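So the structure is just underneath, and the comments pick up after that.
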Amino acid sequence: MQIPKPSLLQSLLILLVSLLISSYFFKISPNSKQITPTMKESSTFTEIHGVKIEKNPPQSKLDQLGVTSWSKWSGQPGKIPWTFEAEETMYLLEGKVQVSVDGHEESFIIEAGDLAMFPKGMKITFDVLEAVNKHYSLKK
């Protein structure tokens, strides 16, 4: 019994399905050739209006960054207009903040467990919805 060869279209379809399945289980870093399993990762990455947000980063990443050695800040509910004089990375231990970026209509939320990076020069308004306790690091 001879097995028929797949057509070119069938071969391409098989390749496409294989790539889709692979991308579900693995991510390939665009700047390197490293392949990382994604099934064990529980963090998610988002960029909104130039703000990079990682929800639920793994403890190993927080340890690598030295987050617990960063400065701390706490704030009560209220609106705080702010201009970042340096790039700021923050990790929210507690609380919830609605962020409005100057020049953009849509706001977004960062909350406990989020690691967020704001670029130098960005003008925002923090609307602290729930009292905040955070670590932060400045990079000039």
Side-chain angles (χ1 to χ4, degrees):
M1 178 176 199
Q2 188 176 23
I3 299 174
K5 291 184 179 181
S7 69
L8 179 60
L9 182 59
Q10 289 170 327
S11 296
L12 290 173
L13 185 57
I14 290 168
L15 178 62
L16 178 61
V17 169
S18 299
L19 288 172
L20 288 172
I21 290 170
S22 296
S23 69
Y24 179 77
F25 290 104
F26 298 94
K27 73 175 183 179
I28 300 172
S29 174
N31 296 325
S32 73
K33 294 180 180 173
Q34 181 177 3
I35 299 174
T36 309
T38 58
M39 295 301 288
K40 293 182 181 179
E41 295 180 7
S42 59
S43 64
T44 58
F45 299 91
T46 308
E47 186 169 337
I48 305 170
H49 308 315
V51 179
K52 295 176 183 173
I53 303 164
E54 182 175 358
K55 294 196 167 289
N56 303 309
Q59 186 61 47
S60 59
K61 179 170 186 172
L62 299 176
D63 292 343
Q64 181 183 21
L65 292 171
V67 169
T68 57
S69 68
W70 294 354
S71 300
K72 279 183 100 174
W73 181 84
S74 297
Q76 296 301 313
K79 291 191 179 200
I80 304 168
W82 192 257
T83 300
F84 291 95
E85 300 297 323
E87 177 183 293
E88 181 173 330
T89 303
M90 61 181 70
Y91 178 70
L92 273 68
L93 298 166
E94 300 173 319
K96 188 176 194 178
V97 179
Q98 184 169 354
V99 180
S100 300
V101 177
D102 282 9
H104 298 277
E105 289 184 26
E106 295 177 13
S107 61
F108 57 93
I109 301 285
I110 56 174
E111 56 193 337
D114 289 352
L115 181 68
M117 192 283 295
F118 292 82
K120 179 179 180 177
M122 179 174 274
K123 294 181 182 185
I124 56 96
T125 299
F126 278 128
D127 186 359
V128 179
L129 305 174
E130 296 173 10
V132 168
N133 187 11
K134 71 174 186 174
H135 283 289
Y136 69 94
S137 174
L138 303 175
K139 181 179 175 184
K140 297 208 177 215

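Start at 1 with the first residue, then count along the sequence. Computed from a predicted model, the values in this text were never measured in an experiment.
Under the 4.5 Å side-chain criterion, counting only non-hydrogen atoms from C-beta, V51 is in contact with F108. The shortest distance between side-chain heavy atoms of H49 and E106 falls below 4.5 Å. Annotation: side chain of K55 is in contact with side chain of E111 (closest heavy-atom distance under 4.5 Å).
Under the 3.5 Å distance criterion, the side-chain polar atoms of H104 are left unmatched by any main-chain donor or acceptor of I48.
Linking ILVMFWY residues whenever their side-chain heavy atoms come closer than 4.5 Å, directly or via other members, places W70 and L62 in the same cluster. The hydrophobic clustering, which links ILVMFWY residues whose side-chain heavy atoms are closer than 4.5 Å, places V101 and F84 together. I53 is not connected to V67 by any chain of hydrophobic side-chain contacts under 4.5 Å among Ile, Leu, Val, Met, Phe, Trp and Tyr, and they are in different clusters. Criterion: ILVMFWY side-chain heavy atoms under 4.5 Å apart, direct or through other members. Under it, I124 and L92 are part of a common hydrophobic cluster. F45 and I110 fall into different hydrophobic clusters, where Ile, Leu, Val, Met, Phe, Trp and Tyr side chains are chained together by heavy-atom contacts under 4.5 Å.
None of K134, M90, H135 except one satisfies the side-chain contact (heavy atoms from CB on, under 4.5 Å) rule with W73; the exception is K134. Partner S74 forms a side-chain contact (heavy atoms from CB on, under 4.5 Å) with one of N133, V128, V132, L93 and no other, that one being N133.
Rounded to the nearest 0.5 angstrom, T83 OG1 and M122 CE are separated by 11.0 Å. Once rounded to the nearest 0.5 Å, the distance linking NZ of K96 with CG of D114 reads 10.5 Å. Taking CD of E87 as the reference point, atom NZ of K52 lies at 7.5 Å (rounded to 0.5 Å).
In terms of heavy atoms, S100 sits closest to S107 at OG-CB, 3.6 Å. The shortest heavy-atom contact between P57 and G113 is CD-O, 3.2 Å. For the residue pair A86 and K139, the shortest heavy atom distance occurs at CB-O, 3.6 Å.
Residue W82 qualifies as open at atom CH2: its count of foreign heavy atoms under 6.0 Å is 12 or below.
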>> As a quick check of understanding, evaluate side-chain contact (heavy atoms from CB on, under 4.5 Å) for L129 and I109, giving each step before the final call.
In response: CA-CA 9 Å; L129 305 174; I109 301 285; 3.8 Å; yes
